[in-house]
Amino acid sequence: MNENNVNVNIENEEIKSPVYSSTFLMNKDLYYDFCSVSYNRTKKIFFIFFCLVAYLIGINLLIGDYDIVLGFGPFISFLMILIYFRTRKSIKIGYERMVISEGKEVTLNYELFEDKVISHNHELKREYFYHQITKFFETKNFILLHLQHNLYVTIEKNNLNASVDEVKSFLMNKCTLVKKKKFINCANDKKWSLVVLIALIVVSIVGMFVALALKINSIF
C-alpha cells in the first residue's frame with residue numbers, strides 16, 4: 001500500500017492554543033479571597049438600610065413618633081447582623097464542601113481562547129462563552145467573570161501567563177454584553193460590610209436612646 005494513499009483522507013486539524021491560561025490550587029486562603037465577591041452585595045444591602053434607618057429615625061424624631069424609632073432601628077440592625085453572619089457561615093461551609101467532595105483542595109485550570117473559556121478540574125471540562133459573562137469583578141488574587149446563577153470564571157492573577165492588565169483588556173474587548181467596562185474591586189468588601197454594619201448599629205442605638213429620652217420627657 002502506498003503511504004500517500006494512507007493519509008489521503010486524514011484531516012490535519014489545527015490544534016488551537018489558548019491565548020491566556022491560569023492554573024492554581026484553590027487552597028483555603030484563595031477560596032476566602034475569591035468569596036470576597038459575596039460581600040459586594042452584602043455591603044450594598046447594608047448601605048441601603050443604613051441610609052433608610054438614618055432617614056426614618058430622623059423623620060420620626062422630628063414628628064414625635066418615638067415608638068417607631070424604638071422598634072424599627074434595632075429590628076433592622078438584628079436582621080443585618082444575621083445576614084452578615086449567614087454570609088460568613090456560607091463561605092465556611094462552601095470551602096468545607098469543596099474539600100469533602102474532592103477529598104482534597106482542588107487544582108483548577110482556566111484557558112482563555114479567542115471565542116471561549118475552558119475550565120479543567122481533573123477530568124471534568126467545561127466551556128463558557130464570552131457572551132455569557134455579565135459583570136467583571138476583581139479581588140486581591142482573582143479576576144472574576146460573573147455568569148448566571150452566581151457562577152464565576154476564576155482567573156488567578158499570580159499564575160497568569162501574561163500581565164493582569166493585558167488579560168483584563170482582552171476580556172473587556174471580548175465580553176461585549178458587559179455594560180460596565182470596569183472591574184469592580186471587592187477585595188475589601190468584607191471589611192466595608194462590617195464597617196457599614198457597625199455604623200448602622202450605632203445609629204440605631206443612638207436613635208433609640210434619643211427617642212427614649214424624648215418620650216420620657218414628653219410624659220413628664
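- Residue-environment remark: CZ (Phe49) stays at or below the threshold of 12 foreign heavy atoms within 6.0 Å.
- Residues forming a ring-ring contact (aromatic ring centres under 6.0 Å, His included) with Phe136 (at least two apart in sequence, or on another chain): Phe183.
- Open room surrounds CZ on Phe209; 12 or fewer heavy atoms of other groups in view lie less than 6.0 Å from it.
- Nearest heavy atoms, Ile91 versus Ser38: CD1-CB, 4.3 Å.
- The local environment of NZ in Lys174 is crowded, with over 12 non-hydrogen atoms from other residues, nucleotides or ligands closer than 6.0 Å.
- Under the 30°/60° scheme for interplanar angles, the aromatic rings of Tyr152 and Phe137 are found to stand perpendicular.
- Residues satisfying the salt bridge (charged side-chain N to carboxylate O under 4.0 Å, His left out) test with Asp189, not counting sequence neighbours, are Lys43.
- Side-chain atoms of Glu114 and Tyr130 include no donor-acceptor pair closer than 3.5 Å.
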Report, one line per pair, each donor and acceptor closer than 3.5 Å where one atom sits in a side chain of residues 57-82; sequence neighbours left out.
unit_1 : atom_1 : unit_2 : atom_2 : d
Asn60  : ND2    : Leu56  : O      : 2.7
Asp67  : OD1    : Lys215 : NZ     : 2.6
Ser77  : OG     : Gly73  : O      : 3.0
Ser77  : OG     : Ser204 : OG     : 2.8

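- By the salt bridge (charged side-chain N to carboxylate O under 4.0 Å, His left out) test, Glu138 pairs with Lys157, Lys168, sequence neighbours left out.
- Partners of Phe24 by ring-ring contact (aromatic ring centres under 6.0 Å, His included), not counting sequence neighbours, listed by chain and number: Phe142.
- A donor atom on one side chain and an acceptor atom on the other are found under 3.5 Å apart for Glu166 and Tyr20.
- A search for salt bridge (charged side-chain N to carboxylate O under 4.0 Å, His left out) contacts involving Glu96 returns Lys92, not counting sequence neighbours.
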